[in-house]
*Asks:* 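I'd like to ask you about the structure that follows.
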Amino acid sequence: MKRALITGITGQDGSYLTELLLGKGYEVHGVIRRSSTFNTGRIEHLYQDPHEPEQRLVLHYGDLTDSSRLVTLIEKVRPDEVYHLAAQSHVRVSFDEPEFTGNTTGLGTARLLEAIRMVGIDTRYYQASSSEMFGATPPPQSEVTPFYPRSPYGAAKLYGYWMARNYREAHGLFAVNGILFNHESPRRGETFVTRKIARAAARIAQGKEDFVYLGNLDAVRDWGFAPEYVEGMWRMLQADAGDDYVLATGTATTVREWVRYCFEHVNADWEKHVRFDEGYLRPTEVDALIGDASKAERELGWKAQTMPEQLAHIMVDAELQDVGVSR
Ligand code: NAP
Ligand code: G4F
C-alpha cells in the first residue's frame, strides 16, 4: 500500500486528491491547522475513526510556519509521495498580507523540502505551482514561457517553484512542479470569483439577495474543473522522472462571460444585479491567462474534459441545491 502525505488537505484540491488516492488504495495522511472552529468540512465525508483498525485516512496537526513539526511529520509518516498543496492562496489577500503570504506560500515550501532532505527519505514531491507566476507575460503560456509575477502571491509561488527545481537538481529529489491554471468546483472557496458569482446567481434567482459586487470584469482566465486537475497531479508523480507540467483547458473566458453563463443558467439578467466595487480591484492585475497543456497531454495522457460554460452550470446547480432547489 502506497502512503501519501498531503499538506492543504482541507482545501478544494486536497479534498478531491484525498478521494482520488483513497480510491486507488493509498493510505493518506493529511496536515491540518489547529482552528477554534472546524476547518474539515470538505473532507468530512471521508473522515475515518482513528480507532478503526483499517484506517486509511489519518489527520495530523501541523503548520507551514513550524519547521520542526514538518520534520517530525515526515519522520513519522515516511510517505512515498508528498503533495504540497497548502498555501495562503488568495491573490487579492496577498496584497494585504505580503509578509504572511511569503512566509507560508514561499518559505513554507523551503521548510517542507528541507524536512524531506534532513530526514533523508526516498519520496516523490509535488509542488502546487501556479499560472499566477506568468503574470504579465502574454498568453498562451506553457512550461517554457518566462515568468513575470504580479502579486506577492505570484512572487511567493515563484520562489516555491525554483526551490522545488533546485532540490531536484541539487539533491536529486523526484520533484515536480504542476503549473496549474485556475481550476474550480462547488468546493471552491467562496471568495474566489467563480464561486462568488455562481453562488450569487443562485441566491439572486431565489430572491435571497439582490446584488453582487465585483471588481474587474475584463480579466481573462482559463477555468477548468478541479477533480480533473488532481488526477493530473497524481499522474505527474507516476512519471519516470521529476519534471514540470502545465495543466489547463486552453480556453479563454472573461469574468464578464462567466457572469453571463451563471445568470443565464437561472434565467436572470445579470446587468440588473452586478455592481462594481473598486475594493475588489488589485494594485496590479493579471490580464490574461490561457494555458498550453500539450506537454501534459503528450507525456501524461492528461487532457481537460470540462469546459468553462459547463463548469459554470455545474457550480450554479450545486449552489441551487444548497438553497433547496433541485434541477
Ligand atoms: P485552498 O482551497 O485555498 O486550500 C489551501 C489549503 O492550505 C487549506 O487546506 C489551508 O488550510 C491550507 N493552509 C493555508 N495556510 C496554511 C499553513 N500556514 N499551514 C498549513 N496549512 C495551511 O487552495 P486550493 O484551491 O485547494 O489550491 C491548492 C494549492 O494549489 C494552493 O497551493 C494554491 O495556491 C495552488 N493553486 C491553486 C489553483 C486553483 O485554481 N485552485 C491554481 C494554481 C495553484 P485551512 O483549510 O485551515 O485554511
Ligand atoms: O478568482 P480569483 O480571485 O482568482 P485568481 O486571482 O486568478 O487566482 C486563483 O488562480 C490562481 C491560478 O492562476 C491560483 F494560483 C490562485 O491560488 C487562485 O486560486 O480572481 C480571478 C479574476 C481576477 O482577475 C480578479 O481581478 O477575477 C477578478 N475579479 C473580479 N471581481 C474578482 C472579483 N476576483 C475576486 N476574487 N473577487 C471579485 O469580486
Side-chain angles (χ1 to χ4, degrees), residues 6-17 30-35 37-43 60-66 69-70 83-94 100-101 103-105 107-109 111-112 126-135 141 149-151 153-154 156-157 160-161 177-185 187-197 200 212-226 229-230 233 246-248 253-256 258-259 274-282 284-289 291:
I6 304 177
T7 70
I9 194 169
T10 57
Q12 171 188 257
D13 291 4
S15 67
Y16 286 119
L17 182 63
V31 183
I32 62 168
R33 297 196 276 185
R34 150 72 190 152
S35 154
T37 51
F38 284 121
N39 56 1
T40 46
R42 292 189 181 101
I43 50 169
H60 308 262
Y61 284 114
D63 195 288
L64 292 176
T65 56
D66 185 350
R69 179 56 175 154
L70 296 177
Y83 295 86
H84 176 38
L85 309 183
Q88 190 303 91
S89 72
H90 203 285
V91 174
R92 177 69 192 81
V93 171
S94 78
F100 175 76
T101 304
N103 193 10
T104 52
T105 305
L107 274 179
T109 299
R111 292 186 187 104
L112 184 57
Y126 174 86
Q127 171 67 20
S129 285
S130 167
S131 52
E132 186 69 16
M133 302 185 308
F134 296 121
Q141 293 107 351
R150 295 269 283 172
S151 63
Y153 168 82
K157 278 288 177 189
Y161 167 92
N177 277 294
I179 308 173
L180 271 50
F181 283 63
N182 300 48
H183 45 282
E184 318 293 316
S185 75
R187 295 186 199 166
R188 187 58 142 147
E190 285 88 345
T191 61
F192 294 95
V193 83
T194 53
R195 176 88 191 273
K196 181 174 172 180
I197 295 166
V212 58
Y213 291 84
L214 298 172
N216 178 15
L217 299 186
D218 295 320
V220 171
R221 289 292 181 275
D222 179 333
W223 282 302
F225 190 31
Y229 286 56
V230 303
M233 293 176 188
V246 159
L247 298 185
T253 306
T254 61
V255 174
R256 185 179 289 97
W258 182 272
V259 169
V274 173
R275 290 183 169 178
F276 175 67
D277 179 345
E278 66 175 9
Y280 294 115
L281 296 179
R282 287 137 194 220
T284 40
E285 175 64 287
V286 169
D287 294 329
L289 294 174

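What's counted below: heavy atoms across the whole structure, side chains too, no hydrogens, waters or symmetry copies. Both ligands and their constituent atoms are indexed starting at 1 by order of listing.
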*Asks:* Which of the numbered atoms in ligand 1 are below 4.0 angstrom from a heavy atom of Gly11?
*Replies:* 2 (O), 4 (O), 8 (C), 9 (O), 26 (O)
*Asks:* Just checking, any donor-acceptor pair under 3.5 angstrom between side chains of Thr104 and Gln88?
*Replies:* no
*Asks:* When you measure from atom 19 (N) of ligand 1 to every protein heavy atom, which one gives the shortest distance, and what is it?
*Replies:* Leu64 N, 3.0 Å
*Asks:* Heavy-atom distances under 4.0 Å decide this one: backbone, side chain, both or neither, for Glu132 against ligand 1?
*Replies:* neither
*Asks:* Determine the interplanar angle of the Tyr229 and His183 rings, folded into 0 to 90°, and report it as parallel if under 30°, tilted if 30 to 60°, perpendicular if over 60°.
*Replies:* parallel
*Asks:* Nearest heavy atom to atom 1 (O) of ligand 2: which of Val193, Asp222, Val93, Asn216 does it belong to?
*Replies:* Val193
*Asks:* Quick check on Ser129 - does any of its heavy atoms sit under 4.0 Å from an atom of ligand 1?
*Replies:* yes
*Asks:* How close does the nearest protein non-hydrogen atom get to atom 20 (C) of ligand 1, and which residue and atom is it?
*Replies:* Arg33 CG, 3.6 Å
*Asks:* Looking at Asn182, which atoms of ligand 1 are within less than 4.0 Å of one of its heavy atoms?
*Replies:* 40 (O)
*Asks:* Please work out whether any backbone atom (N, CA, C, O) or any side-chain heavy atom from C-beta onward of Thr104 is under 4.0 Å from ligand 1, and answer side chain, backbone, both or neither.
*Replies:* side chain
*Asks:* Between Asp63 and Arg69 (salt bridge meaning N to carboxylate O under 4.0 Å), is one present in this structure?
*Replies:* no
*Asks:* Would you mind telling me if ligand 1 is within reach of the side chain of Tyr153, the backbone, both or neither, using heavy atoms under 4.0 Å?
*Replies:* side chain
*Asks:* We want to know whether Asn103 and Arg111 form a side-chain donor-acceptor pair, criterion being a heavy-atom distance below 3.5 angstrom.
*Replies:* yes
*Asks:* Between Lys196 and Tyr213, is there a donor-acceptor pair closer than 3.5 Å when you use the side chain of the first and the backbone of the second?
*Replies:* yes
*Asks:* With heavy atoms under 4.0 Å as the rule, classify the contact between Arg282 and ligand 2 as side chain, backbone, both or neither.
*Replies:* side chain
*Asks:* Does only the side chain of Lys157 get under 4.0 Å from ligand 1, or the backbone, or both, or neither? Count heavy atoms.
*Replies:* side chain
*Asks:* Taking 4.0 angstrom as the limit, do Arg221 and Glu285 come out as a salt bridge?
*Replies:* yes
